[in-house]
Amino acid sequence: MDTVDATVEKLWAQCLSRGASGIQGLARFFRRLDRDGNRRLDAGELQRGLAELGLVLGKAEAEGVCRRWDRDSSGTLDLEEFLRALRPPMSQAREAVIAAAFTKLDRSGDGVVTVDDLRGVYSGCAHPKVRSGEWTEEEVLRRFLDNFDSSEKDGQVTLAEFQDYYSGVSASVGTDEEFMAMVTSAWRL
């Protein structure tokens, strides 16, 4: 195992030790470090941030981590790619229950979940903001859908985006049984 892999292993172990909020908490922490809002960190920002978390890296190690996920040779680390890389792979059982939930939502069967698809499965009319007149049912469903959508928020969620969302959730759930029960219950599968 090279030093970058060892560093990622240490960071992953630290995330798991924090329980359900491990990777999500790390994501929030890294976004705070991203002072210019470009969703990227250079090696120095990464090094300082990890030191705050108790994971001290040398300059060369921090640069190695950045290089590992630097997709565009900019010398910086894309936060989403890095956080995705920290997530452990999902089992086939987890992937299957996520696919089943997606299929339930994708009423049109076109491989994309939209507000129209959601309307066939869920109603937003009981939402407090709809009841108060602050939002329409369409707005509630769109905001709900945005939870699963990528950073572009185009109003369409693909299976890959849905899986990506649940990959982050999965990293915080210890066993397949717990994860499957949670997804099954949430989507009434």
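Both backbone and side-chain heavy atoms feed into the values below; hydrogens, waters and symmetry mates do not. Throughout, residue positions are numbered sequentially from 1 according to the sequence presented.
- Considering only heavy atoms from C-beta on, Leu46 comes within 4.5 Å of Leu50 through its side chain.
- In this structure, a donor-acceptor pair under 3.5 Å is present between the side chains of Ser91 and Asp176.
- Counting only heavy atoms from C-beta outward, the side chains of Val157 and Tyr165 never approach each other to under 4.5 Å.
- Side-chain contact check for Ile98 versus Glu95: every heavy-atom pair is 4.5 Å or farther apart.
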(message) side-chain contact (heavy atoms from CB on, under 4.5 Å) for Leu41 and Thr76? Distances and angles first, verdict last.
(response) CA-CA 5 Å; Leu41 297 177; Thr76 59; over 6 Å; no

(message) Between Arg119 and Glu137, is the salt bridge (charged side-chain N to carboxylate O under 4.0 Å, His left out) condition met? List the steps.
(response) CA-CA 9 Å; Arg119 214 178 269 114; Glu137 185 176 2; 5.8 Å; no

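- Proximity of Phe102 to Tyr166: side-chain heavy atoms (C-beta onward) are nowhere separated by under 4.5 Å.
- No donor-acceptor pair under 3.5 Å is formed between the side chain of Lys129 and the backbone N or O of Trp135.
- Taking a 6.0 Å sphere around CD of Glu178, one finds it holds more than 12 heavy atoms contributed by other residues, nucleotides or ligands.
- Counting heavy atoms from C-beta outward, Phe179 and Arg94 have side chains that approach closer than 4.5 Å.
- Checked by atom type, the side-chain pair Thr114/Asp116 shows no donor-acceptor distance below 3.5 Å.
- Val121 has its side chain within reach of Lys104: a pair of non-hydrogen atoms, C-beta onward, lies under 4.5 Å apart.
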